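A quick write-up on the structure given underneath.
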Amino acid sequence: LMLTGFLSAMRAMVWAGIMVLVCLTMWSIIAVEILHPINSRIAETGYYGDCDRCKRAFASVAAANLTFLQHVIAGDSWGAVSLPIIEEAPATAVVFFAVLITVQLGLLNLILTVIVDVANTSREA
């Protein structure tokens with residue numbers, strides 16, 4: 001009974017992970033086009049100091065994926081890169097907040113709902 005619920009939930013979690021990755025990749029493509037030039041200007045001023053990761057946070061789609069994974073999903077170092085970019089170009093706050101809303105508030109809550117529903121359905125069967 002417990003194993004069946006776990007396996008059903010695992011299938012939902014795998015598909016959820018794929019959905020999050022696709023969504024983050026779409027936002028990362030936008031970030032490379034919009035945020036990377038601004039971040040490069042900030043890095044040229046020496047603002048980031050010895051933070052090598054900050055300078056290349058949005059240099060490629062893979063780097064932007066990792067940055068969004070760190071900032072949005074893990075909630076780590078949100079201000080290290082995001083706040084300087086928003087201070088330099090306030091309109092970029094729309095991009096950061098859109099990523100936060102779609103990924104964290106939208107997708108992750110939807111995923112949690114699906115996992116609980118699948119586990120509950122499996123338990124009832």
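Predicted model, so just to flag it, every value in this text is computed and none were measured.
Minimum heavy-atom separation, Lys55 to Ala43: CG-CB, 3.9 Å. The two residues Ala31 and Ala64 make their nearest non-hydrogen contact at CB-CB, 4.4 Å.
Expressed to the nearest 0.5 Å, how far CG of Asn65 lies from CD of Gln70 amounts to 12.5 Å. Distance check, rounded to the nearest 0.5 Å: CD1 of Ile42 to CD1 of Ile38 gives 7.0 Å. Residue Arg56 holds its CZ atom at 8.5 Å from SG of Cys51, rounded to the nearest 0.5 Å.
Using a distance-only test at 3.5 Å, with no hydrogens or angles considered, no donor-acceptor pair links the side chain of Ser77 to the main chain of Ala80.
Tyr48 places a side-chain heavy atom less than 4.5 Å from the side chain of Val81. With contacts defined as side-chain heavy-atom distances shorter than 4.5 Å, the pair Val95/Ile85 does not qualify.
The hydrophobic cluster containing Ile30 also contains Ile73, counting ILVMFWY residues as joined when their side-chain heavy atoms lie under 4.5 angstrom apart, directly or transitively. Val61 and Met19 are not part of a single hydrophobic cluster, where members link through side-chain heavy atoms under 4.5 Å apart. Hydrophobic clustering (ILVMFWY, side-chain heavy atoms < 4.5 Å, transitive): Leu69 and Val32 are in distinct clusters. A continuous path of ILVMFWY side-chain contacts below 4.5 Å connects Phe58 to Val103, so both sit in one hydrophobic cluster. Linking Ile, Leu, Val, Met, Phe, Trp and Tyr residues whenever their side-chain heavy atoms come within less than 4.5 Å leaves Val94 and Leu35 in two separate clusters.
Every residue was checked against the salt bridge (charged side-chain N to carboxylate O under 4.0 Å, His left out) condition with Glu33, not counting sequence neighbours, and none meets it. Taking the side chain to side chain contact (heavy atoms under 4.5 Å, CB included) definition, one finds that Trp78 meets it with His71, Val72, Ser82, Phe96, sequence neighbours left out.
Side-chain contact of Arg53 with Thr67: a donor-acceptor pair under 3.5 Å is present, judged by distance alone. Using modelled atom types and a 3.5 Å distance limit, the side chains of Asn39 and Tyr47 yield no donor-acceptor pair.
Pairs passing the side chain to side chain donor-acceptor pair (under 3.5 Å) check and including a residue from residues 92-112, sequence neighbours excluded, read Trp27-Thr102.
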